[in-house]
Asks: 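Below is one structure. I have some questions about it.
Note that this is a predicted model, so its numbers are computed, not measured. Quick note: numbers below take in every heavy atom, side chains included, and nothing from hydrogens, waters or symmetry partners.
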Amino acid sequence: MTCGRLEARVWDVRTLQQVGPPLRGHVGDITAAALFEEGGVALTVTVSEDRTARIWDLAAEQPAEGHARPVLATAYCSYRNRDLAVTGSEDGTARVWDMATGEECAPPLEGHRGQVLAVAVGEVCGSLVVATGGSDTTVRLWAPLREGAPRNPLHGHTNAVSCAAFGEFRGRPVLLTGSDDGTVRLWDATDGTEFCPPLAGHIGGVRHLAVRSVPHGLEIALCTSSEHGYVWHVSDDQNDLPGAPRAHFDASALTPDARTVGVGFHRGRSIVVVILDGNAAQALDLESSTVLGGPYSGHTSFVTAASLGTVEGRTHLATTSYDNTVRVWDFLSGTQRGRRSTAATTSCRLRRFRPPSDGSGPHPS
């Protein structure tokens, strides 16, 4: 039997295979464990730094595993009339969920040596494909609904991979990944080869990115850990390699405490979402800094991330916050849509965001 942070595992010493799911329930490190038998029933006892001891019946059915650590990234898609969600976690796994039932619909995606910080999901050549990026600097592509060995990891980034998105480029499905090494890489989603040299020269690590197809190539919007935003155009002409971003946005030019929390597109324009004052978000044109939407006011604590999407033909903005809520706003009017949603983990990367300069608000872990 082995034990460690938050879980214990039982192993068959002859086959070296795990027996049953991990034993989870402690909220502190497990410091000791022992196996014993009582009345013909196999039991184990665990003790933890949470100042509790637990007795486990190893023959009893254990609940579904789920993630053992906080969820850091999520992505959603509709595939063959099924609404699916993918989650990436500190426990080093990604999981695929059927949103109608709340159950996992594929085995856990295991392979990263560290946290899974980024996930993306899409349909590639008729199959569901999940991309994951981790603190181990690797990118992995999975076909979770098909049998077969996982593909080899994609190497190239030299720091944690923090964001990912699927698109189409030169007639082929493409995966874009952003990293704390300050680069964005474009991978062929079918075989993992790179289309072009990495997009580099950014100030800070790449934390958020969005991509869309435009005539003669791709348009990529991104923002960084140092509160800068960029727009790139990558040509579908193989002889025209990307040299420099088309636009550069510096949030500090607005106010010293401005923070970038997301990027996207609205009516053909590249959008950056910033926090200028308190907990209210605003949407600006990434190229001209013109205010296009907001303020989106309502959160009662530090806003951590934002994303744009289309609902019923209208652009909406979703924001997450340390107040433990997710809010959805009509992009143009700034009004909140529906009721706020409460979530146990409200942001993909809470640990990554810089607190206000006056020291108020939560600090990154």
Side-chain angles (χ1 to χ4, degrees), residues 5-7 9 18 21-22 24 63-80 82-125 127-157 159-167 173-180 185 187 189-190 192 206-209 305 307 320 343-352:
R5 187 174 185 184
L6 304 180
E7 68 178 25
R9 295 174 184 256
Q18 184 175 319
R24 293 169 179 155
E65 289 187 42
H67 287 295
R69 302 286 301 280
V71 172
L72 302 176
T74 58
Y76 305 89
C77 82
S78 181
Y79 177 72
R80 298 184 180 178
R82 296 175 70 185
D83 290 326
L84 304 177
V86 178
T87 53
S89 169
E90 278 187 7
D91 64 14
T93 71
R95 296 174 184 266
V96 184
W97 308 84
D98 187 317
M99 296 182 66
T101 65
E103 301 292 332
E104 289 186 69
C105 54
L109 308 180
E110 300 176 315
H112 284 285
R113 297 183 178 180
Q115 301 171 335
V116 176
L117 300 174
V119 295
V121 60
E123 189 170 338
V124 176
C125 300
S127 296
L128 184 77
V129 173
V130 172
T132 57
S135 59
D136 59 5
T137 77
T138 68
V139 176
R140 291 176 178 264
L141 289 168
W142 317 78
L145 303 185
R146 292 191 340 207
E147 294 184 1
R151 304 182 196 178
N152 292 327
L154 309 181
H155 296 281
H157 286 299
N159 207 329
V161 179
S162 49
C163 49
F166 281 105
V174 61
L175 171 69
L176 291 87
T177 55
S179 167
D180 282 355
R185 290 178 179 264
W187 314 85
T190 61
V206 179
R207 294 295 169 81
H208 302 275
L209 65 83
S307 60
T320 61
T345 303
T346 57
S347 172
C348 297
R349 301 176 186 88
L350 295 180
R351 67 182 180 87
R352 295 174 173 268

Asks: Which pair of heavy atoms, one from Ala120 and one from Ala75, lies closest together, and at what distance?
Replies: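 It is CA-CB, 4.0 Å.
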
Asks: Going through the checks in order, is the side-chain contact (heavy atoms from CB on, under 4.5 Å) test met by Asp180 and Arg207?
Replies: CA-CA 7 Å; Asp180 282 355; Arg207 294 295 169 81; 2.8 Å; yes

Asks: I'd like to check Glu90 versus Val116 (side-chain heavy atoms, cut-off strictly below 4.5 Å). Are they in contact?
Replies: no

Asks: Donor-acceptor pair, Ser162 side chain versus Val206 backbone, under 3.5 Å?
Replies: yes

Asks: Measure from the side-chain N and O atoms of Ser179 to the backbone N and O of Ala160, and report whether any donor-acceptor pair falls under 3.5 Å.
Replies: yes

Asks: Is there side-chain contact between Leu176 and Leu209, with heavy atoms separated by less than 4.5 Å?
Replies: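 Yes. Closest side-chain heavy atoms under 4.5 Å.
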
Asks: I need the Arg185 CZ to His155 NE2 distance, nearest 0.5 Å.
Replies: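 Interatomic distance, Arg185 CZ to His155 NE2, rounded to 0.5 Å: 12.0 Å.
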
Asks: Looking only at non-hydrogen atoms, find the nearest pair between Glu104 and Trp97 and report the distance.
Replies: CG-CZ3, 3.4 Å

Asks: Working to the nearest 0.5 Å, report the span between OG1 of Thr137 and CG of Leu154.
Replies: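 Thr137 OG1 to Leu154 CG: 11.0 Å, rounded to 0.5 Å.
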
Asks: Between Ala164 and Ala118, what is the shortest heavy-atom contact and its length?
Replies: N-CB, 4.1 Å

Asks: Tell me the closest heavy-atom pair linking Val86 and Ala94, and the distance in Å.
Replies: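 Nearest heavy atoms, Val86 then Ala94: CG1-CB, 4.5 Å.
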
Asks: In a check of side chain to side chain contact (heavy atoms under 4.5 Å, CB included) between Cys105 and each of Arg82, Met99, Arg95, which one passes?
Replies: Arg82

Asks: Quick one: pull up OG1 in Thr177 and CG in Leu117 and give me the separation to the nearest 0.5 Å.
Replies: 12.5 Å

Asks: Please round to the nearest 0.5 Å and tell me the distance separating atom OG1 of Thr101 and atom CG of Asp83.
Replies: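 Reported to 0.5 Å precision, the distance equals 11.0 Å.
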
Asks: Is any side-chain heavy atom of Val124 closer than 4.5 Å to one of Phe166?
Replies: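 With C-beta onward as the side chain, the pair touches.
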
Asks: Do Glu103 and Asp98 have side chains that approach each other closer than 4.5 Å (heavy atoms only, starting at C-beta)?
Replies: no

Asks: Heavy atoms only: give me the nearest His208-Ala305 pair and the separation to one decimal.
Replies: CE1-CB, 4.2 Å

Asks: Tell me whether Ser135 contacts the main-chain N or O of Gln115 through its side chain, where contact means a donor paired with an acceptor under 3.5 Å.
Replies: yes

Asks: Run Val121 and Leu128 through side-chain contact (heavy atoms from CB on, under 4.5 Å) and show every step you take.
Replies: CA-CA 7 Å; Val121 60; Leu128 184 77; 3.6 Å; yes

Asks: Give a yes or no on whether the backbone of Ser127 and the side-chain of Arg146 come within a donor-acceptor separation of less than 3.5 Å.
Replies: no

Asks: In Å and rounded to the nearest 0.5 Å, what is the CG to NE2 distance from Asp136 to His157?
Replies: 11.5 Å

Asks: So do the side chains of Trp187 and Leu141 get within less than 4.5 Å of each other, counting heavy atoms only?
Replies: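 No, every pair of side-chain atoms sits at 4.5 Å or beyond.
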
Asks: Restricting to non-hydrogen atoms, name the atom on His112 and the atom on Gly134 that form the minimum distance, rounded to 0.1 Å.
Replies: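 The answer is CE1-N, 3.7 Å.
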
Asks: Nearest 0.5 Å please: distance from the CG atom of Leu109 over to the OG1 atom of Thr93.
Replies: 7.5 Å

